[in-house]
Amino acid sequence: MTMLAINWGNTWLITGVGFGMVFAVLVLLIFIVKSFGLFFAQKPKAQPAAAAATAPAAEVGEEDMVAIAYALHTFYNMHDEESDVLTIRHEDAAYSPWNQKSITF
């Protein structure tokens, strides 16, 4: 008979207010995050017309291109040569508190 003792009107009211508050706070947080994004967005600065004009590119000779190509070739084609032999050594320590069997808690 405890089912009859529950005031279902108040139960649904508290549940509705709780859910409504959660969704209201979520919408408020979305608004706050969006406004921070708009407020802290970096606006592009107008560059003066003098800065827009760039200096003409210097002519690159054939020898310079060969030197650059060789440097890139040697940089990207470096290999680390290793042997296929695995060397795993197990060293028995005379004393180590980590593997001491006589100490138990």
Side-chain angles (χ1 to χ4, degrees):
M1 285 297 170
T2 59
M3 190 72 164
L4 297 176
I6 296 175
N7 187 354
W8 287 102
N10 286 343
T11 304
W12 290 114
L13 179 68
I14 291 172
T15 302
V17 168
F19 275 103
M21 189 178 297
V22 167
F23 285 112
V25 169
L26 286 175
V27 169
L28 180 68
L29 285 175
I30 289 171
F31 175 72
I32 290 172
V33 169
K34 291 280 189 180
S35 63
F36 272 135
L38 293 175
F39 182 72
F40 288 113
Q42 293 182 358
K43 295 177 177 56
K45 296 178 182 177
Q47 296 179 354
T54 58
E59 291 293 324
V60 179
E62 188 174 326
E63 296 164 348
D64 294 332
M65 285 193 276
V66 169
I68 293 171
Y70 180 72
L72 290 173
H73 174 72
T74 56
F75 179 75
Y76 286 117
N77 289 331
M78 293 174 68
H79 296 289
D80 186 18
E81 299 295 330
E82 296 181 8
S83 64
D84 294 333
V85 178
L86 294 176
T87 54
I88 301 172
R89 296 184 194 132
H90 179 70
E91 297 179 7
D92 292 326
Y95 171 76
S96 174
W98 292 105
N99 63 359
Q100 196 171 17
K101 304 291 190 271
S102 63
I103 298 176
T104 57
F105 293 102

Partners passing ring pair (Phe, Tyr, Trp, His ring centres under 6.0 Å) against F19 (at least two apart in sequence or in another chain)
none
Grouping I, L, V, M, F, W and Y whenever their side-chain heavy atoms are under 4.5 Å apart, do F75 and L72 come out in a common cluster?
yes
Where is the tightest heavy-atom contact between T11 and T15, given as atom of each residue plus distance?
O-OG1, 2.8 Å
Would you be so kind as to tabulate the donor-acceptor pairs closer than 3.5 Å made by side chains of residues 22-38, with sequence neighbours excluded?
| from | atom 1 | to | atom 2 | distance (Å) |
| --- | --- | --- | --- | --- |
| S35 | OG | F31 | O | 3.2 |
| S35 | OG | I32 | O | 2.8 |

Not counting sequence neighbours, which residues clear side-chain hydrogen bond (donor to acceptor under 3.5 Å, both in side chains) with N77? List them please.
H73
